[in-house]
Amino acid sequence: MSLLILGIILFLGIHLIRVVIPGFRRSMIASLGEAGWKIGYSIASIVTLILLIYGFGQARDSTPIWSPPFWMSHITILLMLFALICLVASLLPAGHIAVRTKHPMVLSVKIWAFAHLLSNGDGAAMLLFAAFLAWGVIMRISLKRRERAGEISLRPFVSAKYDLYAVVIGIVVWGLIIWKLHEWIIGVSPLVM
């Protein structure tokens, strides 16, 4: 469990640098250059993500905190459809989904984490998904404050066709995850949670 906790702290800590230490990123870009910062940040993100995944794998069969009812997995599967549509919308030019949700990637992470909290009752899973849900809430509050301060602006609407793309691609990815990807990557079929 200690590797999982370390992985969560490091991975989410790196992704909260702008919130916790706002000047750090600017000072690193000033000393390393933007390309150097992006390379270092990417490497640190990948390394800490690997540590988090490894730590979760080691702690996976931890003590059960609660036993979710079997039907919770159906709610998780449904919520994951919305999470994946938001995720795809965050990667495309802005359609209505991206404009209305404001920060679709952060919303996607929050939905993903909440959905998985509903259907996972062991300590390791609850710790992991609660941490990501907390990260999403912190990020949304931070982004709203930065928006009000004029530090960032929301993406302007481009076309509704990107909503259609987000929905179609999101459904396809969702179907692939349910079909086999979740089982291949995570080792558990979402249909037998």
Side-chain angles (χ1 to χ4, degrees), residues 1-22 24-25 40-88 90-91 101-145 170 173-174 176-178 180-193:
M1 189 74 100
S2 57
L3 275 179
L4 173 61
I5 293 169
L6 180 63
I8 290 170
I9 290 168
L10 293 175
F11 182 77
L12 294 181
I14 287 170
H15 290 85
L16 284 172
I17 285 176
R18 209 176 234 171
V19 175
V20 180
I21 320 166
F24 179 76
R25 182 178 179 273
Y41 186 85
S42 298
I43 291 169
S45 294
I46 291 167
V47 168
T48 57
L49 179 61
I50 290 168
L51 175 65
L52 187 149
I53 292 168
Y54 180 76
F56 183 67
Q58 296 298 308
R60 189 178 228 165
D61 294 326
S62 62
T63 308
I65 307 292
W66 77 297
S67 294
F70 75 94
W71 48 265
M72 282 293 200
S73 63
H74 302 297
I75 294 172
T76 298
I77 289 170
L78 177 62
L79 287 173
M80 284 308 299
L81 175 60
F82 295 107
L84 288 165
I85 291 170
C86 288
L87 177 64
V88 174
S90 75
L91 302 171
T101 60
K102 297 185 180 179
H103 305 284
M105 185 169 292
V106 172
L107 178 58
S108 175
V109 171
K110 291 192 306 187
I111 295 170
W112 167 79
F114 176 72
H116 282 77
L117 276 171
L118 294 177
S119 59
N120 290 279
D122 65 287
M126 291 187 73
L127 178 63
L128 176 71
F129 298 122
F132 271 89
L133 182 58
W135 173 87
V137 170
I138 292 166
M139 284 303 297
R140 182 63 182 95
I141 292 167
S142 171
L143 289 166
K144 192 171 188 174
R145 286 182 181 160
V173 172
W174 177 74
L176 290 171
I177 288 170
I178 291 170
K180 281 288 183 193
L181 284 182
H182 197 278
E183 187 174 357
W184 289 343
I185 297 168
I186 309 299
V188 177
S189 170
L191 298 176
V192 290
M193 284 182 160

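All of these numbers come straight from a predicted model, not from anything done at the bench.
Here L4 contributes atom CG and I9 contributes atom CD1; the two are 9.5 Å apart, rounded to the nearest 0.5 Å. In this structure, CG in L176 is found 10.0 Å from CG in L84, a value given to the nearest 0.5 Å. Separating the CG atom in L16 from the CG atom in L12 is a distance of 6.5 Å, to the nearest 0.5 Å. Here L51 contributes atom CG and I8 contributes atom CD1; the two are 10.0 Å apart, rounded to the nearest 0.5 Å. Atom OG of S67 is separated from atom CG of N120 by 11.5 Å, given to the nearest 0.5 angstrom. Residue C86 holds its SG atom at 11.0 Å from CG of L91, rounded to the nearest 0.5 Å.
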Verdict with supporting geometry, L87 and V173, side-chain contact (heavy atoms from CB on, under 4.5 Å)
CA-CA 11 Å; L87 177 64; V173 172; over 6 Å; no
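Within the structure, the side-chain hydrogen bond (donor to acceptor under 3.5 Å, both in side chains) test picks out the following pairs touching residues 102-114 (sequence neighbours left out): H103-E147. For residues 42-67, no pair satisfies ring-ring contact (aromatic ring centres under 6.0 Å, His included), with sequence neighbours left out.
Partners of I50 according to the side-chain contact (heavy atoms from CB on, under 4.5 Å) rule, which considers only residues two or more places apart in sequence or in another chain, are I46. Qualifying side-chain contact (heavy atoms from CB on, under 4.5 Å) partners for I14, counting only residues two or more places apart in sequence or in other chains: Y41, A44, S45, T48. Residues passing the side-chain contact (heavy atoms from CB on, under 4.5 Å) test with L118 are M72, I75, T76, L79, F114, sequence neighbours excluded.
Nearest heavy atom pair, residue P68 against residue G121, reads CG-N, 3.9 Å.
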Anything under 3.5 Å between a donor and an acceptor, one on a side chain of residues 124-145, the other on a protein residue two or more places apart or in another chain? List them.
unit_1	atom_1	unit_2	atom_2	d
W135	NE1	H15	O	3.3

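Looking only at distances, a side-chain donor or acceptor of W174 sits under 3.5 Å from a matching main-chain atom of I77.
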